[in-house]
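Before any comments, here is the structure.
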Amino acid sequence: MSLRRRGLSRPWDGFDVYLFDIDGTLLHCADAVHYFAFCDALQAIAGRPLTLEGVTAHGNTDVGILRDALALAGVEDAAWRPNLPAIQEQMCCFVRGREQEICAEAMPFAAESLERLRSRGALLGVATGNLRGIGELKLRRCGLWKYFSFAGWSDRWEHRADVFAAAAAEARAVAGTSASICVVGDTPADIAAARYHNLAIIAVATGVYSIAELNAGEPDLCVKSLKELVDGPAEATGLAETRPSVCR
């Protein structure tokens, strides 16, 4: 059954290219390795222990999270921006050194969704706020990296809309300038970034945001889970409320 509720211009599995968010959309990490990588980098910059308390991480980029945490701590941009590449490498090195502690689990029906799209000839890519050295490792740990041909990471981009723009540009370089592109994400930030670039957006309530919160951003399609995409919705009409799960 194809889902065509709200504003999708075609069946959900009929686009040429798909850009998938990682955390909360494709996988959930039950560990805190990524979190402590931030804490390690923040302490090195500020010279004192810092956490991400008060920082919005969901839908943000790794660079944006660093920026927001340091701003809350009163650390001036000049104290860290010139060293950003080294800071990013420090974070990636921290995570690589703790690879065996990463408990990344694919979301239910993530593999089935990707298999379905790949079998129909779609080009699959990643568009995420993760740094490459962290996001790729998460996808490898849960067995999903093999599905993707390209990716947009936050190494060069501080804002999610720029990550999406870079990923879309890479997709069109391969699939053609007229290729239809659909984003799949779990946060209002994913919806806003897709809307900014006139990309179709499917929102899934598998992260920390509810159906109601996601619908407020007016995605083209909003579903409770990837299972609804593969099997069809449990209800033919209406978007039932669901309690969000907790994941970064």
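Here the structure is a predicted model, which means the values were calculated and not measured. All heavy atoms count here, side chains included; hydrogens, waters and symmetry mates do not.
- Among residues two or more places apart in sequence or in another chain, the salt bridge (charged side-chain N to carboxylate O under 4.0 Å, His left out) test is passed with Arg141 by none.
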What do the steps show when you test Leu226 against Thr206 for side chain to side chain contact (heavy atoms under 4.5 Å, CB included), and what is the final call?
CA-CA 8 Å; Leu226 294 172; Thr206 46; 5.6 Å; no
Report the C-alpha distance between Leu139 and Phe20 in whole Å, list the side-chain angles of each, state the deciding distance to 0.1 Å, and finish with yes or no for side chain to side chain contact (heavy atoms under 4.5 Å, CB included).
CA-CA 12 Å; Leu139 288 168; Phe20 279 85; over 6 Å; no
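- For Glu136, the side chain to side chain donor-acceptor pair (under 3.5 Å) partners are Arg132, Arg140, not counting sequence neighbours.
- Nearest approach of Ala205 to Ser210, heavy atoms of both residues: CB-C, 4.2 Å.
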N/O donor to acceptor pairs below 3.5 angstrom from side-chain atoms of residues 37-55, sequence neighbours left out:
unit_1	atom_1	unit_2	atom_2	d
Asp40	OD2	Gln90	NE2	2.9
Arg48	NH2	Ala73	O	2.8
Thr51	OG1	Glu53	N	3.2

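- Distance CG/Leu84 to CG/Asp155: 9.0 Å, rounded to 0.5 Å.
- Interatomic distance, Ser113 OG to Tyr147 OH, rounded to the nearest 0.5 Å: 10.0 Å.
- Applying the salt bridge (Lys or Arg N to Asp or Glu O under 4.0 Å) test to every pair with at least one member in residues 74-86, sequence neighbours left out, gives these pairs: Asp77-Arg81, Arg81-Glu158.
- Two residues are said to be in side-chain contact when any heavy atoms from C-beta on lie closer than 4.5 Å; Arg160 and Asp21 meet this criterion.
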What donor-acceptor contacts under 3.5 angstrom involve side-chain atoms of residues 93-112, with partners at least two apart or in another chain?
unit_1	atom_1	unit_2	atom_2	d
Arg96	NH2	Glu89	OE2	2.5
Arg98	NH1	Phe94	O	3.0

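- Residues Ala194 and Ile201 share a closest heavy-atom pair of CB-CB, 3.7 Å.
- Evaluation of the side chain to side chain donor-acceptor pair (under 3.5 Å) rule for Asp68 yields Asn60 as partners, not counting sequence neighbours.
- With sequence neighbours left out, the salt bridge (charged side-chain N to carboxylate O under 4.0 Å, His left out) criterion links Glu170 to no other residue.
- Each of Leu137, Ile65, Asn130 was compared with His34 under the side-chain contact (heavy atoms from CB on, under 4.5 Å) criterion, and only Asn130 meets it.
- A donor-acceptor pair shorter than 3.5 Å cannot be found between the side chains of Asp186 and His58.
- Salt bridge absent: Asp13 and Arg118 never bring a charged side-chain N and a carboxylate O closer than 4.0 Å.
- The distance from the CD1 atom of Ile202 to the OH atom of Tyr18 is 6.0 Å, given to the nearest 0.5 Å.
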Side chains of residues 171-182: which donor-acceptor partners sit under 3.5 Å, not counting sequence neighbours?
unit_1	atom_1	unit_2	atom_2	d
Ser180	OG	Arg10	NH1	3.4
Ser180	OG	Asp16	N	2.9
Ser180	OG	Asp16	OD2	3.1

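- Listed by chain and number, the residues in a side chain to side chain donor-acceptor pair (under 3.5 Å) with Ser154 amount to none (sequence neighbours excluded).
- Distance check, rounded to the nearest 0.5 Å: CG of Asp220 to OG of Ser9 gives 7.5 Å.
- Closest heavy-atom contact between Gly64 and Thr61: N-OG1, 2.8 Å.
- Rounded to the nearest 0.5 angstrom, Leu131 CG and Trp157 CH2 are separated by 14.0 Å.
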Candidate pair Trp12 and Arg116, rule side chain to side chain contact (heavy atoms under 4.5 Å, CB included), full reasoning
CA-CA 11 Å; Trp12 80 270; Arg116 168 90 159 259; 4.0 Å; yes
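- Asp31 has no carboxylate O lying under 4.0 Å from a charged side-chain N of Lys138, or vice versa, which leaves the two without a salt bridge.
- Considering CD1 of Ile87 and CH2 of Trp80, their distance stands at 7.0 Å, rounded to 0.5 Å.
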Give the C-alpha distance, both sets of side-chain angles, the deciding distance and a yes or no for side chain to side chain contact (heavy atoms under 4.5 Å, CB included) between Asp190 and Tyr209.
CA-CA 12 Å; Asp190 293 314; Tyr209 293 97; over 6 Å; no
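- Looking at every heavy atom in both residues, Val184 comes nearest to Thr25 through O-CG2, 3.7 Å.
- Ala71 is linked by a side chain to side chain contact (heavy atoms under 4.5 Å, CB included) to nothing, counting only residues two or more places apart in sequence or in another chain.
- Residues that satisfy the side chain to side chain contact (heavy atoms under 4.5 Å, CB included) test with Ala161, not counting sequence neighbours, are Ala193, Tyr196, His197.
- Looking only at side-chain heavy atoms (C-beta outward), Phe15 and Val183 stay at 4.5 Å or farther from each other.
- In this view, Ala203 and Ile191, Leu214, Pro219, Cys222 satisfy the side chain to side chain contact (heavy atoms under 4.5 Å, CB included) rule, not counting sequence neighbours.
- Side-chain atoms of Thr128 and Trp153, non-hydrogen and from C-beta on, do get closer than 4.5 Å to each other.
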